[in-house]
Amino acid sequence: MATPHNAAEEKDIAPIVLMAGDPLRVKMIAKKYLKKAKLVSKVRNIYTYTGYYNHKRVTVMAHGMGNPSMGIYSYELFHTYHVETIIRVGTIGSLRENVHVRDVIVAKDCYTTTNYSHIYEQYGPTFLRAGDKVLQLAEKVQNTIKSPIHWGSIYSSDTFYSDQDDTKLAKEKNLLGVEMECAALYYNAQQCGKQALTICTVSDSLVTNENLSAIDRQNSFLDMIEFALKIIEQL
Ligand code: HPA
C-alpha cells in the first residue's frame, strides 16, 4: 500500500533500508553499488531504489533535512512497509577538538530537544539509543573503514542556524557532533522495537571552523557508504 509520501508497493521495499539526506546521493549509491536497482518511488524527488548489494536485498531512500522529514519517511517505512532496519548515512558538524573533518562518527545514542518526540507524548530533552544488534555488527566490520571512527553520543538538533553555543552543550553532555535527523529515526525505531543506526562523516567543525572541499566530501562519503553496506551484508 502506498502512502502520501511513498509510491512504492509494500513488496518493493526491502526489510533493510539505507537512507541519506540528499536524493541525488541516493541515486549515486544505487547506480554505483546496487545490482538490478529499480526505482520504486520518487514522490517529491525522494528517490527510492531497491536492488541487491552482493546477495543482500536492500532499499536506498532519501530522507530530506531535519527530524520532521526523517520522522515521516522512517515512520512509514517501519509501520506501512514493515522495514526491520534503517541505517542513516549523513554529514555532521564536529563539536570537539579531537574530532576532525573526514572522521566518521557512529551514534551509539543521541541527545535531543526535538519537538518530534511529542508525537509519543514524551516532552523535554532526552537521550535515545541506536539498535543494539546493528551497532554490534558495525563494531564487527569497523576495520572496513579507513577513516578514524568515533563511537559515542551526538546532538540531534532541530536547527542548523542558532544562537545557542552547541560546543558548550557538547562539553556538558559529552557530545561528539551535531546533525538533524538521528532523533526522529531513533524515536521511531524504539517505539516499534526495530533497529536503527546513524553513521556520519564530519563535514565541518564548529570548534575550528574547518570544512571539507566538495571532492573530499564525496570521497569520505563513499568510504562511509561502503562501511554501511558491509554492516547491511551481515544483517
Ligand atoms: N549543524 C547541524 N547539522 C549539520 C551540521 C551542523 O553544523 N553539519 C552537518 N550537519
Side-chain angles (χ1 to χ4, degrees), residues 18-26 28-29 46 60-74 86-117 125-128 130 138 145 147-188 196-225 227-228:
L18 178 64
M19 300 190 86
D22 178 358
L24 294 181
R25 208 160 253 174
V26 163
M28 180 278 289
I29 296 171
I46 293 289
V60 193
M61 182 177 183
H63 58 62
M65 283 190 283
N67 281 307
S69 184
M70 170 57 101
I72 291 170
Y73 297 114
S74 58
I86 297 177
I87 299 180
R88 149 167 155 73
V89 283
T91 54
I92 192 163
S94 168
L95 294 174
R96 305 297 280 263
E97 218 152 299
N98 66 329
V99 177
H100 303 287
V101 293
R102 272 184 232 97
D103 289 2
V104 166
I105 296 177
V106 178
K108 290 176 111 169
D109 58 20
C110 74
Y111 174 77
T112 190
T113 50
T114 184
N115 283 339
Y116 185 77
S117 53
T126 187
F127 275 92
L128 298 160
I145 199 157
S147 322
I149 309 187
H150 304 268
W151 305 79
S153 307
I154 62 168
Y155 177 37
S156 192
S157 172
D158 278 347
T159 49
F160 190 89
Y161 300 106
S162 115
D163 289 340
Q164 175 184 289
D165 181 0
D166 289 344
T167 60
K168 195 163 155 251
L169 181 74
K171 285 204 185 93
E172 278 167 31
K173 305 284 181 194
N174 200 18
L175 311 171
L176 298 168
V178 54
E179 55 80 89
M180 299 183 65
E181 291 83 17
C182 187
L185 175 61
Y186 285 7
Y187 254 117
N188 283 339
L197 185 66
T198 293
I199 306 170
C200 289
T201 298
V202 179
S203 57
D204 54 282
S205 169
L206 281 74
V207 183
T208 62
N209 292 328
E210 44 174 351
N211 52 50
L212 280 184
S213 67
I215 187 77
D216 278 352
R217 202 177 272 244
Q218 177 79 354
N219 289 339
S220 52
F221 209 81
L222 292 181
D223 212 25
M224 171 177 57
I225 291 162
F227 174 44

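All ligand and atom numbering here is 1-based and tracks the order in the structure.
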With heavy atoms only and a cut-off of under 4.0 Å, state how I92 meets ligand 1: side chain, backbone, both or neither. backbone
Taking atom 8 (N) of ligand 1 as the reference point, the nearest protein heavy atom with its distance: D204 OD1, 3.0 Å
Is K108 close to S153 at the side-chain level, that is, under 4.5 Å between some pair of heavy atoms? no
Residue, atom name and distance, where the atom is the protein heavy atom closest to atom 6 (C) of ligand 1: F160 CE1, 3.6 Å
Give a yes/no verdict on whether any heavy atom in S203 is under 4.0 Å from an atom of ligand 1. yes
Which residues satisfy the side chain to side chain contact (heavy atoms under 4.5 Å, CB included) test with D165, sequence neighbours excluded? T167, K168
Any idea which protein heavy atom is nearest atom 4 (C) of ligand 1, and the distance to it? V178 O, 3.4 Å
Would you say the side chains of S147 and D103 form a donor-acceptor pair under 3.5 Å? no
Measure the distance from atom 10 (N) of ligand 1 to every protein heavy atom, then report the residue, atom name and distance (to 0.1 Å) of the closest one. T91 O, 3.5 Å
Number the atoms of ligand 1 from 1 as they appear, then name those within less than 4.0 Å of a heavy atom of L206, with their elements. 7 (O)
Say whether, by atom type as modelled, one donor and one acceptor occur between the side chain of D158 and the main chain of N115 under 3.5 angstrom. yes
Can you check whether L175 reaches I154 side chain to side chain, under 4.5 Å on heavy atoms? no
Rounded to the nearest 0.5 Å, the CZ atom of F160 sits from the CD atom of E179 at a distance of 12.0 Å
In ligand 1, which numbered atoms sit nearer than 4.0 Å to a non-hydrogen atom of M180? 2 (C), 3 (N)
